[in-house]
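Here's the structure, in structure tokens; my notes come after.
No hydrogens, no waters, no symmetry mates; every other heavy atom, side chains included, goes into these values. Just so you know, residue 1 is the first one in the sequence shown, and it goes up from there.
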Amino acid sequence: MIPREVIERIHAAAKIEEVVSDYVTLRKRGANLIGLCPFHNEKTGSFTVSPSKGIYKCFGCGVSGNAVGFIMEIEQCSYVDALKQLGKKYHIEVPEREMTAEEQQRQDNRESMFIVNEFANKWFQDQLWETKEGKAIGLSYFRERGLRDDIIRKYQLGYSPEKGSPLAAALKKKGFKEEFVTNNVDTKIGVGVVGKSEDGRLYDRFRDRVIFPIFTVSGKPVAFAGRILKKKDNVGKYVNSPDSLIYSKTNELYGLFQAKQAIARADMCYLVEGQMDVISMHQSGIENVVASGGTALTKPQIRLIQRFTSNITVLYDGDAAGIHAALRGIDMFLEEGFNVKVVLLPDGEDPDSYAQSHDSTEFIRYIEEHQTDFIRFKSALLSKDAGDDPQKRAALIKDITSSIAIIPDLITRQVYIKDSAERLHMSEKVLTVEVMNLRRKKAEERAKAKEHAETEQATTVTVEQEVPSTPNTPNNPSTPIALKKPKTALEQNYYNLLQLVVRYGERPMEVEGTIYTIGEIIIYTLEGDEIQPPQPVYQTIIDEFKQHYKEPNFQAETFFKFHPDPAVSALAVDMIAAQYREGAPKEETRLGELVTQLLYEIKLTVINMQITDLEAELKEAQAKNDVDRQLLLLQHHPQLLAQRNEICKILGNRIINL
């Protein structure tokens, strides 16, 4: 039994391109990677890897899946063994035991904390949009800062009232336990939306502030930042959620949830400092932007970005503080193999103000004209400071070579050595020797650290929920998942509908004045019309969706893509990957029409099957001279034809290609 938290950590850490690259030579093609399929013989590569989606798909033989599924298929091993292999690769301990009572309690605590944050997030938004105070103060502030209402809603911005502690009261009325709404700094239990005074009184932590929720990359609200609107003595401009079991400021990037698809499409990410920088740039049309939140960059944050791109452009203010900030932490990007560029905005400007006064075309043009790679930026900046002072120049050279030395790619290092030698008027050989010495020293330090770590007792990984029991988690090896492709019109129609359930199942859709999810509409319409799934795995997707879609932060694509049943995961990946085929139409903007069309198409297919069966029965009745049976069938035949004609008439006005 592998704890659920460990599985989630493995899925988060396992980069599909890294896993596949251990077995397949991949080359870049747009935002994806392509290579020769390891599961069938081919001369032209059709095996596609999508780093942004975390999936692979061969458009030749049809195999597809996530990182765990790939290891299962390539190594012919079980689900558990694949998790163990990836855990070893990414230094994540995979315990083989059932949870203790303490571990079960930790899992329950985390789930409760996520529910509190979900409630608080909606409450803050309701205060902003539904109350007089929220509209007059919070909403007015955002609008005065130039934000449109659709952007305010997209980032789920909110407001916390000035007086009293209404959120604390609302949480208490809802029945949430005090330990989950406050925060214990020692145990890290509780999300801290409510504070507790020395006399035991509960109060709203974010009182009299506008609220910026912080989301995980999958869209869960894990924390909040509250900005004060009225200057007060001894009161900080921002109040942030404390670290907890579910949140660490070093592990999150503001705006990544909203920006991840744009980052993957552009294969580039802009990095700024603050929340308003992100939101204003997004509104101006530059959507591939995230913020470090005003704190020093960390490796976990950098590796979050690396899941979507290895190209980063750092945007900072053009003043001295901005220049200093630009130098901090960028070496870590170089160490992770990033292509790093730096842009300093004009004096007195920050990304927020510049985005407010320029459209995306002007902003991007400025970036393209003023961006420079980090090594050149650093050498130019430090050369200016060093002047002709020999000691300062020596320090400058050591600083530059230290940055070059951490770049993992040999060719890139050599290019920078050559370029820096020309700029600094130094011997290329001298810089090469210095870089080699620095790399040798670093390697020795790593070796000593590894040796020291191996002598210590391994730290026990905190665990949570166990792996759900599925038919594909035995210890005996699993065979590669061969998808059963739709053969009949009914199978194809069913596949098309479940494709929408997997991609967009949690999306809201209005039907006759009532809001449902797309998955609900499709699944319950099929069941109401008694249209049975033609494949068992289709029924599994239906059952799993019905069981989980009401859970907080449920996302159908993520849920099915990482499903522990390899058959479900492979089918889901196949459905997800179909939209990334070259020339595949984009259906996201017309989901309402598409759902309606496909539901009518499957009904038409079923009616055509019924007509075919009826006509076959009629021939049989005629051959047997069964008059009563013939009369009964002839009465039903016109009804089916009328239903078919009516649906054909409707579909005539709703032709959309999937």
Side-chain angles (χ1 to χ4, degrees), residues 57 59 62 64 483-512 514-546 549 556-557 560 568 571-581 583-616 636-658:
K57 166 73 177 179
F59 292 101
S64 56
L483 290 175
K484 181 182 177 184
K485 289 296 183 182
K487 294 181 180 179
T488 66
L490 178 62
E491 287 182 340
Q492 186 62 59
N493 288 143
Y494 226 106
Y495 178 94
N496 291 342
L497 282 164
L498 288 189
Q499 197 172 38
L500 296 184
V501 173
V502 168
R503 293 182 192 171
Y504 312 108
E506 74 283 357
R507 297 277 186 93
M509 180 173 167
E510 184 176 342
V511 178
E512 297 180 354
T514 303
I515 301 296
Y516 302 93
T517 66
I518 284 176
E520 282 181 284
I521 293 169
I522 291 173
I523 288 173
Y524 290 112
T525 300
L526 292 174
E527 291 185 346
D529 292 337
E530 298 183 349
I531 303 175
Q532 300 301 316
Q535 292 190 30
V537 69
Y538 291 178
Q539 184 65 58
T540 302
I541 287 180
I542 289 171
D543 293 342
E544 290 284 274
F545 181 87
K546 288 166 64 178
Y549 79 93
E557 181 174 302
F560 289 112
V568 172
L571 179 60
V573 169
D574 185 74
M575 291 172 166
I576 295 164
Q579 63 187 315
Y580 299 104
R581 290 196 306 264
K586 303 297 182 184
E587 78 277 1
E588 191 168 356
T589 59
R590 50 192 175 153
L591 287 175
E593 292 179 84
L594 194 53
V595 168
T596 303
Q597 177 192 324
L598 292 178
L599 285 171
Y600 275 118
E601 284 183 355
I602 198 168
K603 289 179 183 179
L604 179 61
T605 299
V606 171
I607 289 173
N608 282 332
M609 291 169 61
Q610 291 173 344
I611 291 173
T612 300
D613 291 344
L614 185 147
E615 290 174 347
H636 191 42
H637 192 255
Q639 298 172 7
L640 291 175
L641 292 177
Q643 291 177 30
R644 181 174 69 179
N645 291 338
E646 184 63 28
I647 293 176
C648 286
K649 190 183 300 182
I650 294 171
L651 284 173
N653 298 321
R654 292 182 176 274
I655 302 303
I656 303 175
N657 294 321
L658 181 62

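Within the model, atoms CZ of Arg507 and OG1 of Thr517 stand 12.0 Å from one another, a figure rounded to the nearest 0.5 Å. A distance of 3.5 Å separates CD of Glu527 from NZ of Lys546, quoted to the nearest 0.5 Å. Rounding to the nearest 0.5 angstrom, the gap separating the CG atom in Leu598 from the CG atom in Leu497 is 5.0 Å. How far CD1 of Ile523 is from CG of Leu498: 7.0 Å, rounded to the nearest 0.5 Å. With values rounded to the nearest 0.5 angstrom, Ile522 atom CD1 is found 8.5 Å from Phe545 atom CZ.
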- [ ] Check the pair Tyr495 / Leu571 against side-chain contact (heavy atoms from CB on, under 4.5 Å), numbers first and verdict last.
- [x] CA-CA 10 Å; Tyr495 178 94; Leu571 179 60; 3.8 Å; yes

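Checked by atom type, the side-chain pair Glu593/Gln597 shows no donor-acceptor distance below 3.5 Å.
Tyr494 places a side-chain N or O within 3.5 Å of a backbone atom of Ile531 that can act as its donor or acceptor partner.
Not counting sequence neighbours, the partners of Gln539 by the side-chain hydrogen bond (donor to acceptor under 3.5 Å, both in side chains) test are Asp543. Under the side-chain hydrogen bond (donor to acceptor under 3.5 Å, both in side chains) criterion, Glu615 pairs with His637, sequence neighbours left out. Contacts of Asn608 classified as side-chain hydrogen bond (donor to acceptor under 3.5 Å, both in side chains), with partners at least two apart in sequence or in another chain: Arg644.
Residues Phe560 and Ile576 fail the side-chain proximity criterion, which asks for heavy atoms closer than 4.5 Å. In this structure the side chain of Lys603 reaches within 4.5 angstrom of the side chain of Thr525, judged on heavy atoms. Residues Ile518 and Val501 are not in side-chain contact: their nearest non-hydrogen atoms beyond the backbone lie 4.5 Å or more apart. The side-chain heavy atoms of Thr596 and Tyr600, taken from C-beta on, include a pair separated by under 4.5 Å. Put simply, the side chain of Thr488 does not reach to within 4.5 Å of the side chain of Thr605, judged on heavy atoms.
In terms of heavy atoms, Glu520 sits closest to Tyr549 at OE2-OH, 2.9 Å. The two residues Ile607 and Leu640 make their nearest non-hydrogen contact at CG2-O, 3.6 Å.
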